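Here's the structure, in structure tokens; my notes come after.
Here the structure is a predicted model, which is why all the values come from computation and not from measurement.
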Amino acid sequence: MSTTHPPLAEKLRPRTLAEVVGQQHLLGEGMALRIAFESGEPHSCILWGPPGTGKTTIARLMAEAFDAQFITISAVLGGVKDIREAVEQALVAQAHGRRTIVFVDEVHRFNKSQQDAFLPHVESGLFTFIGATTENPSFEVNSALLSRAAVYVLQPLGEDDLQRIAEKAHETGGVPAIEPAARDRLVAYADGDARRMLNTLETLAVAARKEKREEISDAWLLKVLGERMRRYDKGGEQFYDTISALHKSVRGSDADASLYWFVRMLDGGADPRYMARRMIRMAVEDIGLADPRALRIALDAAEVYERLGTPEGELALAECVLYLAVAPKSNAVYKAWNQARALVRKEGTRPVPLHLRNAPTKLMKDLDYGRDYRYAHDEEGAFAAGETYLPDGMKPPGFYRPVARGLEIRIGEKIAELARRNAQAKAQGGDV
């Protein structure tokens, strides 16, 4: 007779709210989800967060807290038939005066018609719906269902949280002692995912028992897991060295090097969403108005990844990296922004000139607010030549100096022409 042993992640799954590690922004005293638990009244909700952050655990604890029947449906394997069966079970429970919670794992995998099948039963109160998703529910969950469910955003577990879970795994007696350096590497490898770390620990424990090892050392861990381990620690020096190499390769317009470092980051375990944010930053810092399309492409790539996830969405990020690398470069916007901030910090607040002030009341008009303001659209070429827009007495600081690359060539020509017309108007003491 064979005996099955539950996985380590299942053995360590919290049985009470007090045992839950992390998500204190939701489960701490006075926080939204904690209040829901204590209210005694379950409500439909969407738990949105990365893998291994406690979505299933929270759903199960809600069922226990409300003494409700707990029905699980996997959107990957299930369909309308499973939903019908859940309805039948909920009707039986209702007849016996018991509540039902229907938990749909990876709800974003269900299509519109499958998601719609829950609506009448959620509205009637037959059961409480809890959906778990790693994808943005705004894109992946029907608006009708979304409007009937609160959305709770779960965060990746922090390093301290994962350290506590690793220690608990050792305390259960199923995992050998773990050398501090090995534990740090495991935590970095887990990247906020408790299930990934516990599954890895379980693999190590089995190997350690075979070799009769009493401690998991860092060297032995690398030997056993090899390529499964990340090539750098998230948040460590090598992580920032690699992202620095990517940013400098894009800035240096080397497409091959940019793609290489991008793939290295992903292969090393970097969050693609983090990479998307960095590319948005590159678009505004190193390309700017030399090619304004770069920012739109970076935003589009980030949105595509949110919709498709890994691995499909990573191709859109790769396309963005290559575009940023070959786009014309300018840091003129970046420099102008920093110079403007420095000047405002240095000089403080200067009064707004009277002719630029808003005058919604008679008193303000009597005080000359808005007087002599020239409406640009009524001027030749929609430009009020000679008009001043800076505070009185402030010399033009020249923050923005377009470079002679990309669209900024034309922008520079336009600025030079406007400056010429301003100078001519002031020399003539009037309009041009």
Side-chain angles (χ1 to χ4, degrees), residues 50 156 184-185 188-193 222 226-339 341 399-412:
D184 290 343
R185 188 180 296 277
Y189 169 69
D191 197 21
D193 184 336
L222 287 171
E227 287 302 310
R228 284 182 56 184
M229 298 309 298
R230 298 308 185 195
R231 291 174 174 81
Y232 51 74
D233 294 341
K234 184 178 179 182
E237 181 179 352
Q238 192 172 358
F239 176 89
Y240 291 108
D241 285 346
T242 310
I243 191 63
S244 175
L246 170 60
H247 198 149
K248 289 180 172 69
S249 298
V250 168
R251 183 182 294 146
S253 300
D254 190 321
D256 284 347
S258 299
L259 188 60
Y260 170 79
W261 292 117
F262 171 71
V263 173
R264 275 280 302 272
M265 291 292 294
L266 292 183
D267 184 57
D271 184 349
R273 293 178 179 85
Y274 168 81
M275 303 300 296
R277 292 194 298 272
R278 289 303 298 249
M279 285 189 278
I280 293 170
R281 171 73 182 194
M282 294 174 201
V284 294
E285 179 179 335
D286 292 297
I287 296 167
L289 292 176
D291 186 353
R293 294 171 298 185
L295 177 56
R296 184 66 262 170
I297 287 172
L299 289 168
D300 286 345
E303 182 178 342
V304 168
Y305 182 80
E306 286 295 335
R307 285 179 176 269
L308 298 184
T310 297
E312 294 89 345
E314 292 173 0
L315 183 58
L317 298 179
E319 179 180 305
C320 177
V321 165
L322 292 173
Y323 188 92
L324 297 181
V326 300
K329 302 299 188 295
S330 170
N331 67 346
V333 170
Y334 179 65
K335 291 171 67 176
W337 163 249
N338 286 328
Q339 289 168 16
R341 292 172 65 202
F399 297 135
Y400 180 48
R401 300 178 183 275
V403 301
R405 290 184 292 276
L407 183 63
E408 284 198 331
I409 295 174
R410 294 178 60 187
I411 293 174

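Atom CZ in R281 sits 7.5 Å away from atom NE2 in H247 (nearest 0.5 Å). Within the model, atoms CG of L266 and OG1 of T310 stand 7.5 Å from one another, a figure rounded to the nearest 0.5 Å. Summarising the geometry, atom SG belonging to C320 is positioned 13.5 Å from atom CD belonging to E314; distances are rounded to the nearest 0.5 Å. Rounding to the nearest 0.5 angstrom, the gap separating the CD1 atom in I280 from the CD1 atom in I297 is 12.5 Å.
Contact record, M265 with I243: SD-N, 3.6 Å, taken as the closest heavy-atom pair. Taking both residues in full, the closest heavy atoms of A290 and R405 are given as CB-O, 3.8 Å, listed atom of the first, atom of the second, then distance. Closest of all the heavy-atom pairs between A255 and A325 is CA-CB, 3.8 Å. Counting all heavy atoms, side chain and backbone alike, P402 lies closest to E408 at CB-O, 3.5 Å. The shortest non-hydrogen separation linking L317 to P272 is CD1-O, 3.7 Å. In plain terms, the two heavy atoms of G313 and Y305 that are nearest each other are C-CD1, 3.6 Å.
Other residues, nucleotides and ligands contribute more than 12 heavy atoms inside 6.0 Å of the CZ atom of R296.
Within the 4.5 Å cutoff, no side-chain heavy atoms of S244 are placed close to those of D241. Looking only at side-chain heavy atoms (C-beta outward), I287 and M282 stay at 4.5 Å or farther from each other. No side-chain heavy atom of T242 sits less than 4.5 Å from a side-chain heavy atom of L246. Between L299 and E303, the closest side-chain pair of non-hydrogen atoms is not below 4.5 Å. Inter-residue side-chain proximity for L322 and E319 is flagged as unmet; no heavy-atom pair is nearer than 4.5 Å. No side-chain heavy atom of V284 sits under 4.5 Å from any side-chain heavy atom of Y334. Contact check for Y323 versus D291: side-chain heavy atoms found under the 4.5 Å cut-off. Within the 4.5 Å cutoff, side-chain heavy atoms of E306 are placed close to those of R273.
The closest donor-acceptor contact from the side chain of K329 to the backbone of L324 lies under 3.5 Å. The closest donor-acceptor contact from the side chain of S249 to the backbone of D254 lies at 3.5 Å or more, if one exists at all.
With E285 as the partner, the salt bridge (charged side-chain N to carboxylate O under 4.0 Å, His left out) test is satisfied by one option alone out of K248, R278, R251: R251. Here the rule is side chain to side chain contact (heavy atoms under 4.5 Å, CB included) with S330, and of L289, V403, D286 only V403 fits it.
Side chains of Y189 and R185: a donor-acceptor N/O pair is absent below 3.5 angstrom, by distance only.
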